[in-house]
Structures are given as structure tokens and as C-alpha cells.
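The basis for the numbers below is simple: all heavy atoms, side chains too, and nothing from hydrogens, waters or symmetry mates.
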Amino acid sequence: MSDEFYSHARLYDLMFPGGGPAVDFYRAEADRQGGSVLELGCGTGQKLIPIAADGHPCVGLDFSSDMLAEAQRKADGRGVAVEWIQGDMRSFDLGRTFDFVYITANSLLHLQEADDLVSCFQSVRRHLAPGARLVFDVFNPSVQLLAEADGVRRTRESLSFEDPDRGKVTVDVAEIYDAPAQVTRGTWYLSTGSEPDFVVAPLEIRSIFPQELPLLVSLGGLRLTERFGDWSGRPFATDAQLQLCICEPAVSP
């Protein structure tokens with residue numbers, strides 16, 4: 001579950017500051033559905049806190065206690081009430097249903113086994129109120145990019161950030177692609193000029209290819225009703241970088 005990577009919650013927010021069209025999309029979806037909201041893999045609450053600020057009763061579930069602690073600190077700072085729960089999205093029982101459930105920012109891809117993905121969807125299905133929907137986004141795998149994961153450590157300039165305590169932090173990543181498992185296995189290195197590699201953390205992310213995605217969803221008791229290729233709602237196509245998926249409970253035969 002890449003525990004070490006997510007144990008540095010404050011640095012995570014500096015590296016991935018959030019905001020932008022993804023937040024706007026999920027806020028709009030929550031408003032459209034109305035009622036209560038559950039985010040799985042909520043992290044530090046980058047998307048859930050704005051939704052709660054809009055007046056929705058919100059619950060955030062995450063595996064990492066460090067990320068949840070940062071989420072609580074941020075919510076308190078904004079005067080927003082959110083129920084934060086440490087749990088495993090592969091199997092959970094919150095004893096209630098929700099009007100809108102979502103999983104964003106590739107969080108679903110921490111589940112590497114097909115059985116784990118199906119179990120997650122089954123758990124979601126049990127928590128959907130009548131008329132509720134699950135929405136999630138994962139990247140659309142690029143065979144070319146996966147083939148370029150050769151294990152060489154490279155700097156990712158776009159991820160560099162300014163830390164108020166340390167100054168400029170650079171981010172290097174070395175990745176290999178495990179094709180049989182459909183998992184990219186990476187190591188992330190955070191450094192400053194005076195403190196090289198002050199964080200070294202593994203991160204493993206699964207790929208879900210477009211043909212298998214509807215099958216995994218259906219095995220979890222859901223059906224894929226729409227799939228978009230970007231945050232504006234462009235239809236999903238070969239060149240899309242994103243699989244933005246809208247799901248509803250499957251109708252029993």
C-alpha cells in the first residue's frame with residue numbers, strides 16, 4: 001500500500017498541491033447528487049474538504065494515519081467538519097449508505113490484485129444509497145510510457161517544490177514495469193542541495209487497461225454507465241490520458 005510514501009503527508013501536499021479541474025468536477029458531482037459523500041483514499045482531504053465546505057455531510061476513508069492527521073489539521077483550520085476514518089478500501093463496513101462515493105487521483109490503483117479491486121467495488125456497492133453513484137478516475141495506460149520504465153533514476157522537474165523549512169526540493173524517480181502483474185514499481189527520492197535523498201520511498205501503481213475495467217466493475221456488482229477522457233466530459237478515446245468513470249449498481253437479473 002506504499003505506506004512509506006504516504007507517511008510524509010505535508011511534503012505530499014507540497015509536491016501535489018491539488019486544486020484545478022479535478023476539484024471542480026467532484027464538487028459539481030457532489031452537488032448534482034446531493035446528500036452524503038464518501039471518499040475512499042481521501043489522503044489529506046484536498047477534494048473532500050472543499051466538498052464539505054459546500055455543505056455536504058462527508059466521510060473520508062484512508063489507509064494512512066499520517067495522511068488523515070494532516071487532513072484533520074487542514075479541516076480544522078478551515079472550520080469544516082469531516083468524519084475521517086482509517087480503513088482499507090478493499091473491504092470496509094461503515095454501517096450506512098451514501099449518496100455519492102468517489103475515488104480520485106489514481107488511489108484505486110494501489111490495489112494490485114484483481115480480487116482486491118473486485119472486493120473494493122463490492123464494498124462500495126453495499127454503501128450506495130438508492131440512486132447513488134460511484135465515480136472514480138484512473139490514468140489510461142500508455143504502452144510507450146510503460147515500456148520506457150527502465151529502472152533509471154531521473155529528475156522530474158515538474159514535481160520540484162519549495163519547502164518552507166528546507167528550501168527547494170527536487171524529486172527523482174526510478175521505475176520498472178512488471179508486465180505480468182501490470183504494476184509499475186518505483187522508488188521516489190526527495191533531495192535538497194544540503195540534504196540528498198532525505199526521503200527514499202517505494203511507490204507501486206497498477207495499470208487498469210480500458211478493456212478490463214468494465215469487467216472488474218461488473219464483477220463488483222456495478223455497471224459502467226459513462227467513461228470520459230478528461231475533466232470537461234470529452235468522450236473517452238484512444239488518446240485520452242484519463243479514464244473518468246461513472247458507475248451505478250448493476251440491476252440483478
Side-chain angles (χ1 to χ4, degrees), residues 1-9 11-13 15-23 25-27 29-30 37-52 58-71 74 82-92 94 98 100-125 127-128 133-141 159 182-186 188 201-209 212-213 216-217 220 222 224 227-228 231 241-247:
M1 297 293 289
S2 305
D3 296 0
E4 173 65 21
F5 186 87
Y6 293 109
S7 67
H8 305 278
L11 294 174
Y12 177 90
D13 271 354
M15 187 163 41
F16 301 105
V23 173
F25 175 87
Y26 281 107
R27 288 178 74 177
E29 283 296 303
V37 177
L38 169 65
E39 180 181 1
L40 302 179
C42 63
T44 65
Q46 288 180 345
K47 298 177 181 66
L48 194 59
I49 292 172
I51 290 173
C58 289
V59 174
L61 181 145
D62 200 277
F63 195 75
S64 168
S65 60
D66 296 283
M67 299 291 270
L68 290 173
E70 181 66 9
K74 289 163 59 177
V82 178
E83 183 180 356
W84 306 106
I85 297 175
Q86 185 174 11
D88 190 331
M89 74 169 73
R90 289 174 292 188
S91 180
F92 58 94
L94 304 182
F98 297 85
F100 178 51
V101 180
Y102 71 98
I103 314 169
T104 187
N106 296 312
S107 296
L108 187 64
L109 301 182
H110 292 300
L111 308 184
Q112 297 179 13
E113 301 295 331
D115 287 348
D116 289 339
L117 288 161
V118 171
S119 178
C120 174
F121 291 136
Q122 289 173 336
S123 293
V124 169
R125 174 68 181 84
H127 287 78
L128 292 178
R133 303 199 297 180
L134 165 69
V135 181
F136 65 88
D137 63 89
V138 294
F139 68 84
N140 183 25
L159 295 178
Q182 296 181 201
V183 173
T184 298
R185 308 189 190 280
W188 289 54
L203 181 65
E204 299 188 348
I205 295 291
R206 191 192 199 276
S207 291
I208 302 180
F209 288 90
E212 68 173 328
L213 190 148
L216 291 168
V217 167
L222 303 168
L224 181 65
R227 178 162 37 178
F228 304 117
W231 299 110
Q241 296 183 357
L242 183 70
Q243 299 185 75
L244 179 53
C245 302
I246 315 295
C247 303

Practice problem: For Asp137 and Leu242, indicate whether the former's side chain and the latter's backbone hold a donor-acceptor pair under 3.5 Å. | Solution: no
Quiz item: Does the side-chain contact (heavy atoms from CB on, under 4.5 Å) test come out yes or no for Gln182 and Glu212, once each step is laid out?
Solution: CA-CA 12 Å; Gln182 296 181 201; Glu212 68 173 328; 2.8 Å; yes
Practice problem: Compare every heavy atom of Cys120 with every heavy atom of Leu40, then report the nearest pair and how far apart it is. | Solution: CD1-SG, 4.4 Å
Self-check item: Verdict with reasoning, Arg227 to Gln243, per side chain to side chain donor-acceptor pair (under 3.5 Å)
Solution: CA-CA 6 Å; Arg227 178 162 37 178; Gln243 299 185 75; 2.8 Å; yes
Exercise. Specify the closest pair of heavy atoms between Gly45 and Pro50, including all atoms of both residues, with the distance to one decimal.
Key: O-CD, 3.8 Å
Quiz item: Taking all atoms of both residues into account, what is the closest heavy-atom pair of Gln86 and Phe63, and its distance?
Solution: NE2-O, 3.2 Å
Exercise. Begin from the C-alpha positions of Asp62 and Trp84 and carry the test side-chain contact (heavy atoms from CB on, under 4.5 Å) through to its verdict.
Key: CA-CA 8 Å; Asp62 200 277; Trp84 306 106; over 6 Å; no
Quiz item: Should Arg27 and Val23 count as side-chain neighbours, where that means a heavy-atom distance under 4.5 Å?
Solution: yes
Self-check item: Distance in Å, Leu216 CG paired with Leu222 CG, rounded so as to fall on 0.5 Å steps
Solution: 11.0 Å
Quiz item: What closest approach, in Å, do His110 and Glu204 show between heavy atoms, and which atom pair accounts for it?
Solution: ND1-O, 3.9 Å
Self-check item: Full working for side-chain contact (heavy atoms from CB on, under 4.5 Å) between Cys245 and Val217
Solution: CA-CA 10 Å; Cys245 302; Val217 167; over 6 Å; no
Quiz item: Atom CG in Leu61, atom OG in Ser107: separation rounded to 0.5 Å?
Solution: 11.0 Å
Quiz item: Using 30° and 60° as the class limits, which term best fits the ring planes of Phe5 and Trp188: parallel, tilted or perpendicular?
Solution: perpendicular
Quiz item: Got a second to check how far Leu111's CG is from Arg90's CZ, nearest 0.5 Å?
Solution: 6.5 Å
Quiz item: Taking the six-membered ring for Trp, are Trp231 and Tyr26 parallel (under 30°), tilted (30 to 60°) or perpendicular (over 60°)?
Solution: perpendicular
Quiz prompt | Any donor-acceptor pair under 3.5 Å from Ser123 side chain to Ser119 backbone | solution = yes
Quiz item: How about Glu113: does its CD atom have over 12 heavy atoms from other parts shown lying under 6.0 Å from it?
Solution: no
Quiz item: In terms of the angle between their ring planes, are Tyr12 and Phe16 parallel, tilted or perpendicular, with boundaries placed at 30° and 60°?
Solution: tilted
Quiz item: What's the verdict on side-chain contact (heavy atoms from CB on, under 4.5 Å) for Thr104 and Val135, showing C-alpha distance, side-chain angles and the deciding distance?
Solution: CA-CA 8 Å; Thr104 187; Val135 181; over 6 Å; no
Quiz item: CZ/Arg185 to CD1/Ile205 distance, rounded to the nearest 0.5 angstrom?
Solution: 11.5 Å
Quiz prompt | Val59 backbone acceptor or donor facing Glu83 side chain under 3.5 Å | solution = no
Practice problem: State, to 0.1 Å, how close Ala22 and Lys47 come at their nearest heavy-atom pair, and which atoms those are. | Solution: CB-CE, 3.6 Å
Quiz prompt | Nearest-0.5 Å distance that lies between atom CG in Leu128 and atom CZ in Phe100 | solution = 10.5 Å
Quiz item: What residues, two or more places apart in sequence or in another chain, satisfy side-chain hydrogen bond (donor to acceptor under 3.5 Å, both in side chains) together with Asp13?
Solution: Thr44, Gln46, Lys74
Quiz item: From Glu39 CD over to Ile85 CD1, what is the distance, rounded to the nearest 0.5 angstrom?
Solution: 12.5 Å
Quiz item: Would the number of heavy atoms belonging to other residues, nucleotides or ligands and lying under 6.0 Å from CD of Gln241 be above 12?
Solution: no
Quiz item: Partners of His8 by side-chain hydrogen bond (donor to acceptor under 3.5 Å, both in side chains), sequence neighbours excluded?
Solution: Glu4
Quiz item: Can you check whether Phe92 reaches Leu38 side chain to side chain, under 4.5 Å on heavy atoms?
Solution: yes
Quiz item: For the residue pair Ile51 and Ala30, what are the closest heavy atoms and their distance?
Solution: CG2-CB, 3.8 Å
